[in-house]
Trainee: 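Got a structure for you, questions after.
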Amino acid sequence: MICTGCSCLCDDIVVDGGVRNACRRGAGIFRFVNEGRAKPMINGEVVDFEKAMDAAGDIIGNSEKLAVYGLDTTTVEAQQKAIELAKTKEAYIDDNSSFCLGDFVELILKEELPTTTLDEVRNNAYVVFYWGTDVYHSLSRHMSRFTYYPRGGKRQRGYEEDRFLVVVDVRRSHTAKLAKKNARFIEVGDDLELIDAILKVLDGKAPEKFAKDAVRIVKEMQKADFNVIIGGLGLKYGLKGDYQQFLEFVRRVNEVTNLYFIPAGCHPNMRGFNQLLFEKTGHVNRYSFRDEEAGEKFAFPKLLEDGEIDAALIVGTDPVNSLPFDIAKKLKDIKTILIDPRQSLTAEIADVVLPSAISGLETGGTMIRIDGVKVELAPFLEKKPDDVSIISSLLEAV
Ligand code: SF4
């Protein structure tokens with residue numbers, strides 16, 4: 001079985017009365033599959049599914065400024081339909097990656113940032129950076145399946161001798177606490193200072209800050225021909241929008257050894273959405289089909305804040321829970337349709353709720369792992385309707 005609890009998309013889950021191999025979050029998804037399920041609703045009243053579908057069709061049909069949002073927990077097939085719907089309605093479309101790691105995915109898709117797969121990392125990587133991400137909590141099996149702990153083709157002695165872990169963060173996170181053997185934890189206040197220090201070492205100069213760490217890191221990276229940065233939100237915000245400095249750093253390191261980058265995104269199919277939209281528009285998120293351009297002003301929170309939309313089709317996400325309250329409350333000013341398997345805070349305020357099957361557990365399809373590897377889901381239950389059929393019906397209605 002494949003777990004769709006996070007972007008690791010673990011493919012070794014066994015469900016045989018119990019749940020084996022999954023982390024605590026993953027096990028919970030399988031064990032409590034029937035709990036907290038959404039019901040078809042209109043304005044908080046439970047109704048027939050067909051009635052809720054009709055109401056959703058009316059909202060989308062009458063909307064003149066529609067936004068389609070979410071989609072990172074559903075399948076590529078459903079994302080395709082949602083993009084088609086947004087295009088048909090000349091709507092805005094966005095996902096969580098616009099305030100998560102979409103910028104890094106875009107740099108990868110534009111081939112400005114060298115990348116690799118997690119399987120290659122397991123087999124080859126020597127220096128593994130976790131930069132601005134606490135994967136111990138967010139991607140619980142990342143270190144044991146792909147990076148630090150496992151034996152791999154060229155790394156038969158695992159972390160005891162064949163890996164070097166570097167954790168960069170603003171505080172000693174739980175991941176940082178694991179940086180003991182063949183490892184360094186570097187506490188940064190400003191990520192750009194560490195990048196600058198490594199660049200200085202590469203230039204043969206003495207950095208003012210992080211001198212010892214920078215010298216050690218460069219020395220360790222040069223011991224092997226395969227090193228990787230797993231970069232998270234801490235790195236994104238630490239760069240303060242200065243991606244050029246980061247790209248220059250990666251380029252310079254690649255003159256003396258090989259350094260790759262993989263985002264530490266959490267949503268199971270964020271990469272799928274980014275890739276699909278990129279193939280169709282050249283942009284990974286925050287896109288307006290009416291304007292045929294992408295930009296910060298088309299980010300879903302910004303559209304809400306600016307009162308630019310009259311309706312939203314939200315798929316598989318809970319913006320009332322995740323967006324700042326002042327922005328989330330603006331959902332009450334517009335018509336909202338939620339497609340989601342689970343009851344959520346957004347379901348409580350949505351005009352229409354359309355419950356769907358859980359992707360991966362109750363319906364199949366494809367997801368793209370965060371490193372670009374295609375994963376075919378293997379559901380162990382069957383439930384209808386799924387996101388693909390719901391969005392397809394809405395598309396037909398408009
Ligand atoms: S690490 Fe992620 S994909 Fe793997 S079992 Fe845990 S939640 Fe599921």
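In listed order, ligands and their atoms are each counted from 1.
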Trainee: Report the nearest protein non-hydrogen atom to atom 8 (Fe) of ligand 1: residue, atom name, distance rounded to 0.1 Å.
Mentor: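 Here the closest protein heavy atom is Cys3 SG, 2.3 Å.
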Trainee: Atoms of ligand 1 less than 4.0 Å from Gly26 heavy atoms?
Mentor: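 By the 4.0 Å cutoff, the relevant atoms are 7 (S), 8 (Fe).
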Trainee: If the cut-off is 2.8 Å, does any N/O/S atom of Cys23 fall short of it from atom 6 (Fe) of ligand 1?
Mentor: yes
Trainee: For Thr147 and Tyr130, does a side-chain donor sit closer than 3.5 Å to a side-chain acceptor?
Mentor: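 The criterion, which ignores hydrogens and geometry beyond distance, is satisfied for Tyr130 and Thr147.
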Trainee: Among all protein heavy atoms in this structure, tell me which lies nearest to atom 3 (S) of ligand 1, with the distance rounded to 0.1 Å.
Mentor: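 So the nearest neighbour among protein heavy atoms is Cys10 N, 3.4 Å.
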Trainee: Angle between ring planes, Tyr126 versus Phe164, binned at 30° and 60°: parallel, tilted or perpendicular?
Mentor: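 Correct class here is tilted.
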Trainee: Between the side chains of Ser288 and Glu293, is a donor N or O closer than 3.5 angstrom to an acceptor N or O?
Mentor: no
Trainee: Which atom pair, heavy atoms only, marks the closest approach of Val284 to Gly102?
Mentor: CG2-O, 3.7 Å
Trainee: Identify the closest protein heavy atom to atom 2 (Fe) of ligand 1: which residue and atom is it, and at what distance?
Mentor: Cys6 SG, 2.3 Å
Trainee: Please work out whether any backbone atom (N, CA, C, O) or any side-chain heavy atom from C-beta onward of Leu139 is under 4.0 Å from ligand 1, and answer side chain, backbone, both or neither.
Mentor: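 No part of Leu139 comes within reach of ligand 1.
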Trainee: Once you measure the plane-to-plane angle for Tyr243 and Phe104, does it fall in the parallel (<30°), tilted (30-60°) or perpendicular (>60°) bin?
Mentor: perpendicular
